[in-house]
Structure formats: structure tokens, C-alpha cells
Amino acid sequence: MKRFAIALMALVCCTGIVEAKEKQSSPNGDIKVEFDVVEGIPQYNITYKGKEVIKPSRLGIELVDDYSLTKNFKIKKARKSSFDETWAPVWGENSTIRNQYKELEVQLEQSNPDKPKREGLRYVTIRFRVYNDGVGFRYEFPEQDNLTYFTVKEEFTEFAMTGDHTAYWIPGDYDTQEYDYVVSRLSEIRSFFDNAYEYNISQTAFSKTGVQTSLQLKTDEGLYINIHEAALVDYSCMHLNLDDKNFVFRSWLTPDARGHKGYLQAPCTTPWRTVMVSDDARDILASNLILNLNEPCAYDDTSWIKPMKYVGIWWEMITGKSTWAYTDLPSVQIDKTDYSKAKPNGRHGANNENVKRYIDFAAEHGFDQVLVEGWNTGWEDWSGKSKDYVFDFVTPYPDFDIDMLNKYAHSKGVRLMMHHETSGSTRNYERHMDAAFELMKKHGYNSIKSGYVGNMLPRGEHHYGQWCNNHYLYAVTEAAKHHIMVNAHEAVRPTGLCRTYPNLIGNESARGTEHQAFTGSHPHHTTILPFTRLQGGPMDYTPGIFVMDISKINPENDSYCNTTICNQLALYVTMYSPLQMAADLPEHYEKYMDAFQFIKDVAVDWDESHYLAAEPGEYIVAARKAKGTDNWFVGGVTDENEREMEVEFDFLDKGIRYVATLYCDGKKADYATKPDSYDIKTGIITSKTRLNIDMARGGGFAISIRPATDADKKLKNLK
Ligand code: NOJ
Ligand code: CA
């Protein structure tokens with residue numbers, strides 16, 4: 001043995017760089033990863049059931065003013081291990097999650113030909129975790145002499161595709177994710193950028209083939225591939241840039257104001273780069289890969305974190321019926337600390353009377369919270385960000401009596417939800433944060449919807465760069481110290497950090513319902529979001545719109561929501577979130593109380609979830625069991641095509657009769673012409689029931705299910 005080792009060492013000395021192939025496979029053997037160093041360059045590839053998924057792709061990181069971590073590597077050591085544990089999320093789609101993977105840890109040594117040997121040696125570890133539904137890998141930089149502080153110029157992680165796949169993509173952009181999805185071949189992506197105006201693609205797009213993650217792909221052989229990242233902490237968010245001749249994606253990090261892409265200090269790691277793969281689209285939706293790659297919960301006590309449903313003073317501003325601001329005066333004419341001389345515009349949404357109306361509505365229909373936007377001074381010039389008009393997050397407008405309204409809400413078993421629009425002035429928010437949280441605690445608030453609209457201040461930073469990403473997490477962990485839950489809009493797209501910090505109960509970070517009141521969204525949008533944006537964590541999508549013609553709310557707004565009422569109901573099930581809004585106006589729900597019943601009944605926390613049918617861009621059907629009960633909720637959505645869906649109920653307990661209430665599109669329903677046509681039917685079902693349910697164009701269905709009792713004896717079978 002000793003002699004063999006000496007011989008091997010001799011070989012190392014002679015050839016300089018040893019080339020070796022390291023392998024690991026998933027616990028069930030379906031997925032295989034291979035790693036190799038070829039002529040000094042690290043590379044990996046992935047197969048699924050023997051088919052190539054990621055062709056040999058290089059790894060590395062280019063540094064600013066330093067020898068790059070891209071070449072002259074050799075394998076120093078490789079270690080294999082396996083892991084299997086089951087953990088319980090604070091809230092989630094399932095009450096327990098299995099985290100089972102096989103790991104390959106490859107320690108690399110880099111030499112620098114320009115330096116004396118000992119001064120040039122540096123070390124990088126690549127860690128692969130291979131799951132039954134995909135692979136995660138990251139770069140790790142152990143503490144060492146020759147790599148201490150370093151600045152990332154670009155990350156060179158490649159994902160080489162095997163062909164011209166279909167992609168469900170939105171354009172690469174450092175500052176917004178609020179795009180409609182495009183479904184196209186990889187080779188067609190460039191043509192959409194050539195017509196950027198038509199597709200509303202921002203002029204700041206970094207390249208003509210840049211896309212955001214989570215990116216969903218489908219091969220012609222029917223493989224579903226998803227590329228994203230997990231545990232984005234102290235690093236820039238990754239986009240993907242496509243070489244569309246060879247179909248190779250390469251990571252493209254968000255730069256800072258100087259064009260740098262990250263400031264690191266060893267010991268440290270990058271986020272995980274993730275590749276999910278399956279021949280069944282439902283597996284992609286059911287995957288917990290991203291959550292599993294995140295660290296366990298960082299808090300000892302999580303009893304204060306609660307899933308919830310809310311209504312809010314919001315849609316009326318989004319549609320333009322009322323305003324966030326108290327006056328119409330330009331900011332220069334208002335003394336912000338004294339509104340007594342300012343003339344109210346008469347359309348301020350967050351006024352005492354209106355807030356009480358929403359509190360009454362929430363209390364009557366069992367909602368937990370009422371969001372009130374536009375309660376605080378500063379909205380007159382909030383997006384102009386004049387020096388004097390940044391928000392302080394503590395001064396209410398004169399017609400919002402913060403003390404009285406919170407007491408009124410609490411007397412009815414409801415809480416108000418705080419709103420912090422930062423207008424991208426993150427430093428200003430950090431300065432006022434303590435006082436803002438103190439004010440919340442004083443009045444009994446325990447949740448915030450925050451927002452980062454507009455250019456980032458200090459100017460030049462981008463929404464998804466390292467600096468801003470650190471701010472978003474700082475806001476979440478600071479809030480936790482006060483037992484406050486956070487739902488941040490316009491923040492970086494989530495990467496599973498809600499496992500570690502479960503008071504991050506929501507994010508927007510994609511095109512939400514608000515765009516239906518701006519320019520409309522494509523009907524297929526909600527059949528893609530669960531494959532993409534929702535991989536990293538729940539979305540505050542704000543569903544529940546019942547009146548689609550926005551001119552009925554504001555005659556000057558001719559926008560139209562491309563959906564049916566039943567499609568809206570289904571979203572409470574298909575778009576998993578522990579935080580769900582009923583976004584429409586109370587007076588609209590009062591017109592359709594029978595359909596509204598589903599939103600009142602539907603749960604927000606679950607013991608089990610099953611994806612019954614799914615195809616990105618076409619349809620999704622999900623069934624979930626409400627936490628701690630025997631009640632189930634089912635939702636189905638379709639794209640712009642009508643379709644019949646056969647639903648089997650074999651997820652129900654055998655031998656038990658259940659009462660099901662089905663909310664389905666009416667015969668003439670159609671998102672464009674008759675969105676409010678629906679039927680509601682109640683009857684008995686069992687685990688053997690099969691129903692054929694018609695979905696209208698842009699439509700859907702929702703079902704609430706509970707065990708039958710003696711009182712239900714006369715009910716007939718649901719057909
Ligand atoms: C954009 C958010 O997405 C929206 O929900 C909010 O009402 C506005 N910003 C104002 O903060
Ligand atoms: Ca938004």
C-alpha cells in the first residue's frame with residue numbers, strides 16, 4: 001500500500017496535474033453527477049435515467065485584479081457521504097420534509113505559475129448534493145493563506161444544454177422580475193429581445209440572451225429541467241446568459257455600482273446552483289430541493305410566526321380609484337410634519353372610516369389581518385424621492401388614527417398589517433427601522449408588507465446585487481428580533497431562505513395580480529409561476545379578483561384581468577403561500593358571496609400536498625390537506641385554452657364519505673367575455689370518485705372537501 005502511494009505521488013510529480021473523474025448518484029440511482037478537471041479546468045455533467053441533462057460544463061470564478069479561480073486546478077481529495085433526515089417546517093405544503101441526498105465533496109488545489117509555489121497555492125471545494133429530483137452544488141472557499149479577501153468579476157458556472165429546448169423565461173434584468181413569461185425555443189430568445197418594446201423588455205437588459213432564474217425548460221424527449229439557486233446569502237443574484245449557437249447557459253451575476261459582482265472573504269461559500277430534473281412535470285412542482293439546500297431554522301422560538309389570510313386597502317389604489325397620498329399638492333408645498341394647512345384630495349384610501357369598513361369586513365368573514373397602504377406621510381412625492389420626502393415609517397396622515405384603529409381592530413379579533421414602502425431608499429429604511437418596529441409593537445402589529453419600488457438608493461446599486469440582498473435579509477432578521485413577519489415586494493427572488501428565517505412569510509418578486517390592473521397578464525401566467533418563481537418560496541400573488549373590468553372601479557382605467565372567478569379561486573390552492581390575500585374590494589365580494597365562501601374556507605397551512613396534473617404553460621391541478629384537519633382543498637387552472645380535466649380523488653382516505661363543494665366555470669364562462677359565470681355543486685365523493693371538470697379559457701375550478709356527517713345523509717353523489 002505504502003509503495004503504491006509513493007508510486008502515485010511520483011506520478012503526480014511527473015505529470016503535474018492529475019486528471020480524475022469523480023462520480024456520485026442520487027439515492028435512487030436515477031441521477032448521476034460526474035466531476036473532472038480537464039487541463040486544469042473543473043467541469044461537471046449530469047444524467048437522468050441514463051440520458052444526458054447537462055453536458056460537460058465548466059466551473060470557475062473570475063476575480064478582479066487577481067489570478068482567477070478558473071484554471072490550473074487539480075483534484076486534491078474527494079469524499080463521498082450520504083444524508084437522510086426528515087424535518088418539520090414552521091409552515092409549508094407538507095408538515096414534514098425528507099432531506100435525502102448523496103454528497104460528493106471535491107477539494108481542488110490551484111497553482112499560480114506566476115508565483116513561487118507556496119505563495120501561489122489556493123484551495124476551492126466544490127460540493128455536490130445529489131437528490132432524487134435534482135442536484136445542488138456550490139463553491140466553498142476554506143480559510144487559507146493565499147485567498148483572503150477577493151472580488152468577483154464574474155462567475156463561470158456553465159449549464160450546457162443538450163438541444164434547442166423549450167424555455168419558459170423572463171428577460172435578465174437587475175431591477176425587476178415583474179415580466180410576463182415567454183414560452184419559446186432557446187434559439188428564439190434573441191428574437192424577443194430584438195422586439196424588446198413589444199415585449200416590454202427593459203432597455204437595461206444586460207444581453208440579448210439573458211434570462212432570470214428559476215428557469216423552467218422542457219426537452220423534446222419530455223424531460224423537465226429547472227435551473228435556479230438556493231440560499232442566496234451575501235452574494236449577488238445569478239442570471240443566466242445563453243450562448244444560443246451551442247445552447248450553453250453561463251451564470252451572470254448582478255453587478256454593483258462599480259460593475260463588481262461580489263466581495264468575499266474566506267472562509268465563505270457561494271449560494272447553491274440547482275438543477276432539477278424529471279420526466280414528470282408534477283415532480284418539479286413537488287420538489288423540496290431548494291428548501292433542503294438551505295440551513296435549518298435559525299430561531300429557537302417560532303410560536304409567533306403564523307400563516308394568515310388578509311384583506312386590504314390596496315386594490316382601490318392599484319386600480320386608481322383612491323390614492324396613497326393625502327393631498328394632491330407637490331411635496332414642496334407641504335410641511336410634512338404638519339398637514340393641518342394642506343388640502344386633502346378627498347380620495348385618500350387609508351382614512352379612518354374606510355379602514356373601519358375593511359376591519360368590519362375582515363371580522364365578519366374571518367380574515368386575520370387588514371393591510372393599510374398609504375397610512376404614513378411621504379406619498380406625495382414618494383417615487384420622485386425628493387430629499388425632504390423620504391418616508392419615516394412612523395408619522396401617520398391626519399386622517400389615520402393609528403391608536404384608535406388598532407384598538408378597534410383588536411376589539412374585533414383582527415390585526416392591522418403594517419406597510420413599509422421604502423421606495424428603494426434602503427439606507428433610509430435601515431436608519432428608521434428601530435423606531436418603525438417600536439411603533440408597530442406599541443400598537444400590536446406583527447407583520448409588514450414592505451416594498452422596494454424604483455431605483456435603488458444609494459444610486460447605482462441594483463435590486464439583486466450583493467449589497468441589496470444583504471439588506472433584505474437584514475430587514476428580515478431585525479424584524480424577527482421584534483417577532484415581526486415580513487412580506488417584501490420587489491426584493492430579490494427567493495431562494496428558500498424561508499426555511500432558515502420563517503418569518504419571511506412571503507415575497508412578491510414576480511409579476512403579481514397588480515399587473516392585471518396595469519396592462520393585464522397572459523392567462524398562462526399562473527400555470528408557469530409555480531414552476532419558476534415559487535420554487536424559491538411563497539409569493540404574495542394577491543389573488544381573488546372577482547370583477548375583471550377595471551373601468552367598473554375607475555372609469556379612467558380600461559385595464560382588464562385575464563381570468564375567470566373560478567380561476568381566481570383555484571389560485572389559493574395552486575399558488576402555495578402561507579400568506580394569502582383576498583385582493584378585491586369588499587363590495588365586489590358582497591355581489592358574489594356564494595363564490596367568496598371558498599376564499600373564506602380555504603386553509604393557508606397544510607399537512608400534505610399532491611400535484612395531480614401539471615404541464616408548464618398549460619395547466620396545474622393541486623390537492624392539499626389542511627393542517628390538523630381531515631379537510632382537503634383542490635384547485636385547477638388552465639391557460640388561454642379551455643380544457644376538460646379528469647380528477648381522481650385517490651388521495652382521500654379509503655372507505656370514508658366526504659362532502660365536496662365544487663366551484664367550476666359556467667357553460668358560457670370565458671376569461672375575455674364572461675369571467676363571472678360559475679356553477680357551485682355540492683355532493684358526496686369518496687377515494688374512488690372520478691370527476692370530469694370543464695375549465696373555460698383562462699378558467700379553473702376549486703373544490704372544498706370535508707368528511708360527511710349524519711346531517712349529510714340525503715346528499716347525492718357529486719357528478
Ligand atoms: C408595488 C407593490 O407591488 C404594490 O403591492 C404596492 O401597493 C406598491 N408598490 C406601493 O407600495
Ligand atoms: Ca410590485
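Please read all numbers here as calculations on a predicted model, not as lab measurements. Atoms within a ligand are numbered from 1 in the order they appear, just like the ligands themselves.
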(request) Under 4.0 Å, heavy atoms only, figure out whether ligand 1 is touched by the backbone of W379, its side chain, both or neither. (result) side chain
(message) What is the name of the N/O/S atom of E514 that is nearest to the Ca ion (ligand 2)?
(response) OE2
(message) If we only consider heavy atoms of E178, is any one of them less than 4.0 Å away from an atom in ligand 1?
(response) no
(message) Under 3.5 Å, is there a donor on one side chain and an acceptor on the other for H365 and K600?
(response) yes
(request) Look at atom 8 (C) of ligand 1 and find which of H489, M317, E373, K449 reaches it with the closest heavy atom. (result) E373
(request) Tell me, please, whether Y408 has K356 positioned over its six-membered ring: NZ or CZ under 6.0 Å from the ring centre and within 45 degrees of its axis? (result) yes
(message) Below the 3.5 angstrom mark, is there an N/O of W324, backbone or side chain, next to an N/O of ligand 1?
(response) no
(message) Out of all atoms in ligand 1, which are within 4.0 Å of some heavy atom of E421? Include the element for each.
(response) 9 (N), 10 (C), 11 (O)
(message) Could you check, using the six-membered ring where one of them is a Trp, whether Y397 and W379 have ring centers closer than 6.0 angstrom?
(response) no
(message) Which atom name would you report as the N, O or S atom of E490 nearest the Ca ion (ligand 2)?
(response) OE2
(request) Could you tell me whether a side-chain N or O of E461 sits under 3.5 Å from a main-chain N or O of D256, the two making a donor and an acceptor? (result) no
(request) Name whichever N, O or S atom of E178 ends up nearest to the Ca ion (ligand 2). (result) OE2
(request) Check ligand 1 against V453 and write out every atom of the ligand that is under 4.0 Å from a heavy-atom position of the residue. (result) 1 (C), 9 (N)
(request) Compare all side-chain heavy atoms of D173 with those of P171 and state whether any distance is below 4.5 angstrom. (result) no
(message) Do V211 and H239 make a side-chain contact, defined as non-hydrogen atoms from C-beta onward lying under 4.5 Å apart?
(response) no
